Amino acid sequence: MSDTKIQIKGMITTEKKLTSSDLMQLEDKHGAHNYHPLPVVLAKGEGVYVWDVEGKQYFDFLSAYSAVNQGHCHPKIIGAMMDQAQTLTLTSRAFYNDTLGVYEKYVTEYFGFDKVLPMNTGAEAVETAIKLCRKWAYEKKGINENDAKIIVCDGNFHGRTTTIISFSNDPDANKNFGPFTPGFIRIPYDDIDALEKALQTENVAGFLVEPIQGEAGVYVPATDFLANARGLCSKYNALFIADEVQTGIARTGSLLAVCGNCTCEKKCEKQATYAQPDILILGKALSGGVYPVSAVLANDEVMMVIKPGQHGSTFGGNPIAARVAVAALDVVADEQLALNARRLGDLFRSEMEKIIASNELILKVRGKGLLNAIIVNDTPDSQTAWNLCVALKDNGLLAKPTHGNIIRFAPPLVITESQLMECVAIIKKTIENFKK
Ligand SMILES: *Cc1c(COP(=O)(O)O)cnc(C)c1O
């Protein structure tokens, strides 16, 4: 809890414990209004739980957009961070350090690629993948410089940089932020015919796709879409680029969403549905939500087109990030989080189906593993989903609407069956008592 000196009306200076209301006012007054948070002020987290400033406990059903898959403040991850923070934090890449290579070996073996390029945020990793894809296109595929095109999907969310919003079709994301970066072709999501047609246009370098569209509202493509897309990219010599920033690291019931139905804790190629990306983009849960760590993985044929000095980041691959990421991935394997996400995800959707069958308010549940969404029976511009999230909060469960009338449910993957059933009971009670 925060004790601090605050000024009230510019006059009284006092030692006072700030309340949730004080803290919301501070953010509102002094912070840019680029988010619209649910009115809850969190002060502590452990596992699947978070607590507000007044000490009320909640289930976290957002997990910081799937960054906290390993649960809040996992002792193994926090231990690695504390240890490294007291030893060496940042060297820059001007020098070698004693953690980066160890991490690089670990993460490339874990996901089955020759090389990793470490960055910090998801958006930076997507930018890196775009640059890598373009450079490969000019230097390996033989496309004329500045002509490369990358195929993307309607409804995509890949981050907030100027280039990334250039190919978004969400007006909130790009209205009045132009001029935009050219070189992208947008096709409908989960439309294999549209993909093949786009791949036949000249100068296509790659296809950038979310294996499940998270921000758009948890759209799960047809079972064979990713594998077929992989096949088509090979056929037309374009790179298949999977943005698994949200879907990766066990969230959807397999280590990666491109793994199809395999629950192996490390990458394998057993499944017919496995869609090996040429470039894999990871972020969020790569650190268990304790530190910004992102990564781009590729084989040498692609990654080695980048030479010293051509791309980088001061903080990318720093010693804390390296130690934290190893610990975070260890937890995923040790605690079999993919298996847990798969099993409890199936249970969660079947419980939601029961609620839907006896209630008019919710139309549908969809998702994979523990990345799910319910569709509220109202217009996209109504306040119903928001109000339902406020009611869920009052009943001890935190979730947030995404794109209008859709509520995403994504608890930490360390959740147990009995905790999940408690959450189902909260959701059921809230829906049954809800008045529009
Ligand atoms: C969150 C997200 C990003 C961006 O990550 P940041 O760390 O917020 O920059 C990119 N792609 C997907 C699919 C995401 O969910």
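Note that the structure is predicted; figures quoted are calculated from it, not measured. Both counts, for ligands and for their atoms, begin at 1 and track the order of listing. Counting begins at 1 with the first residue of the sequence.
The aromatic rings of Phe409 and Phe348 sit perpendicular, their planes meeting at an angle over 60°, well past the 30° parallel limit. Classified by interplanar angle (parallel below 30°, tilted 30° to 60°, perpendicular above 60°), the ring pair Phe59/Phe61 is perpendicular.
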Could you pull out every N or O of ligand 1 that sits under 3.5 Å from a protein N or O, with the distance for each pair?
residue, atom, partner, partner atom, Å
ligand 1, 7 (O), Gly122, N, 2.8
ligand 1, 9 (O), Gly122, N, 3.4
ligand 1, 9 (O), Ala123, N, 2.8
ligand 1, 11 (N), Asp243, OD1, 3.4
ligand 1, 11 (N), Asp243, OD2, 2.7
ligand 1, 15 (O), Gln246, NE2, 2.8
ligand 1, 15 (O), Lys284, NZ, 2.7

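A cation-pi arrangement is found for Arg366 relative to Tyr219, the charged atom lying closer than 6.0 Å to the ring centre and inside a 45° cone about the ring normal.
Atom NZ of Lys175 and atom OG of Ser168 lie 13.5 Å apart (nearest 0.5 Å).
Shown here for Leu370 and Arg251, the closest heavy-atom pair between the two residues is O-NH1, 2.8 Å.
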Arg349 vs Asp346, salt bridge (Lys or Arg N to Asp or Glu O under 4.0 Å): CA-CA, chis, key distance, verdict: CA-CA 5 Å; Arg349 284 185 299 281; Asp346 289 345; 2.8 Å; yes
